[in-house]
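Okay, structure first, notes after.
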Amino acid sequence: MIRGVLERAADPADHLDASDGERAVAAAALVVAQCPDGEPTCSNYGPSKPLAELPADLRTLAVDALDQVVSELSDLAELWAEAANGSKWRQGIARLRDVLDPPIPPQEETLFDIDPVTHSHATQDQSQTPGCGRQSVVLRPANDREE
């Protein structure tokens, strides 16, 4: 059932009506609840009994479904755009998505230093030919810096 709801919502060719969008968000929340950083589902709104472990491939499908839920082809996104707290709804969808597909943190350390190098073309008498300089770069491991 969860897979079917997510597949229906994830199809980019179809216009997503509001009820299918709502079901997709609920299904994605169930997948998120089983992720290491996911929030557990509320028993008032979620299943009354714990779910069996869901297949890992549902994470990718849930990301695709959430992307469609907030797209221009979604009635639900259109309705929330008109609501006063529409940005809060989008933030909630983004939080679900970030658990399913965490953003890659920025690189903190420098892996390579880039040194520009100008190449020149020498003639037979070893004098430099004007206008023949070519620029390239040399990558050197950052921990191999000259002191």
Side-chain angles (χ1 to χ4, degrees), residues 1-122 129 131-147:
M1 181 176 154
I2 293 171
R3 181 178 301 279
V5 166
L6 294 174
E7 285 174 343
R8 215 171 11 263
D11 185 358
D14 290 339
H15 187 83
L16 187 62
D17 68 38
S19 60
D20 283 342
E22 289 170 341
R23 288 184 196 105
V25 172
L30 293 174
V31 176
V32 165
Q34 292 190 357
C35 293
D37 292 332
E39 294 181 25
T41 57
C42 174
S43 59
N44 292 340
Y45 300 106
S48 56
K49 297 178 183 174
L51 292 176
E53 187 170 334
L54 298 172
D57 70 313
L58 286 182
R59 289 183 183 186
T60 303
L61 190 56
V63 167
D64 293 343
L66 290 175
D67 287 346
Q68 287 303 114
V69 164
V70 297
S71 77
E72 293 178 2
L73 295 174
S74 169
D75 286 344
L76 189 59
E78 187 178 330
L79 291 171
W80 277 104
E82 298 168 4
N85 55 354
S87 64
K88 188 175 180 181
W89 174 79
R90 280 192 175 272
Q91 289 172 354
I93 300 296
R95 277 194 306 274
L96 291 174
R97 194 186 188 293
D98 285 349
V99 171
L100 294 164
D101 187 23
I104 298 171
Q107 182 84 23
E108 292 187 16
E109 64 182 69
T110 304
L111 298 178
F112 295 98
D113 288 329
I114 300 175
D115 296 327
V117 177
T118 302
H119 302 276
S120 62
H121 178 69
T129 305
C132 289
R134 195 181 60 190
Q135 193 108 39
S136 63
V137 295
V138 174
L139 296 178
R140 196 170 22 87
N143 61 359
D144 193 29
R145 291 187 175 134
E146 295 174 10
E147 303 281 331

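The heavy-atom pair separating V69 from A24 by the smallest distance is CG2-CB, 3.9 Å. The two residues R90 and A77 come nearest to each other via the heavy atoms NH2-CB, 3.9 Å. When all heavy atoms of C35 and V99 are compared, the pair lying nearest together is CB-CG1, 3.6 Å.
For D98, there are no side-chain hydrogen bond (donor to acceptor under 3.5 Å, both in side chains) partners two or more places apart in sequence or in a different chain. Annotation: side-chain contact (heavy atoms from CB on, under 4.5 Å) contacts of L79 (sequence neighbours excluded): A18.
Taking 4.5 Å as the limit, some side-chain heavy atom of P12 sits within range of a side-chain heavy atom of Q68.
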One pair to check against side chain to side chain contact (heavy atoms under 4.5 Å, CB included): V32 and R95. What are the steps and the verdict? CA-CA 10 Å; V32 165; R95 277 194 306 274; over 6 Å; no
Check the pair L6, V31 against side chain to side chain contact (heavy atoms under 4.5 Å, CB included), reporting the backbone distance first and the verdict last. CA-CA 10 Å; L6 294 174; V31 176; 4.2 Å; yes
Full working for side chain to side chain contact (heavy atoms under 4.5 Å, CB included) between L76 and L16: CA-CA 8 Å; L76 189 59; L16 187 62; over 6 Å; no
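Applying the ring-ring contact (aromatic ring centres under 6.0 Å, His included) test to residues at least two apart or on different chains, the pairs with a partner in residues 75-100 are W80-W89.
Here L51 contributes atom CG and L30 contributes atom CG; the two are 5.5 Å apart, rounded to the nearest 0.5 Å. With values rounded to the nearest 0.5 angstrom, M1 atom CE is found 8.5 Å from R23 atom CZ. Taking CD of E7 as the start and CD1 of I2 as the end, the distance is 12.0 Å to the nearest 0.5 Å. Separating the CG atom in D17 from the CD atom in E22 is a distance of 9.0 Å, to the nearest 0.5 Å. Residue L66 holds its CG atom at 10.0 Å from CG of L61, rounded to the nearest 0.5 Å.
Put simply, the residue from D101, L96, L58 that forms a side chain to side chain contact (heavy atoms under 4.5 Å, CB included) with V63 is D101.
Put simply, the side chain of Q34 gets close to the backbone of L54: a donor and an acceptor are under 3.5 Å apart.
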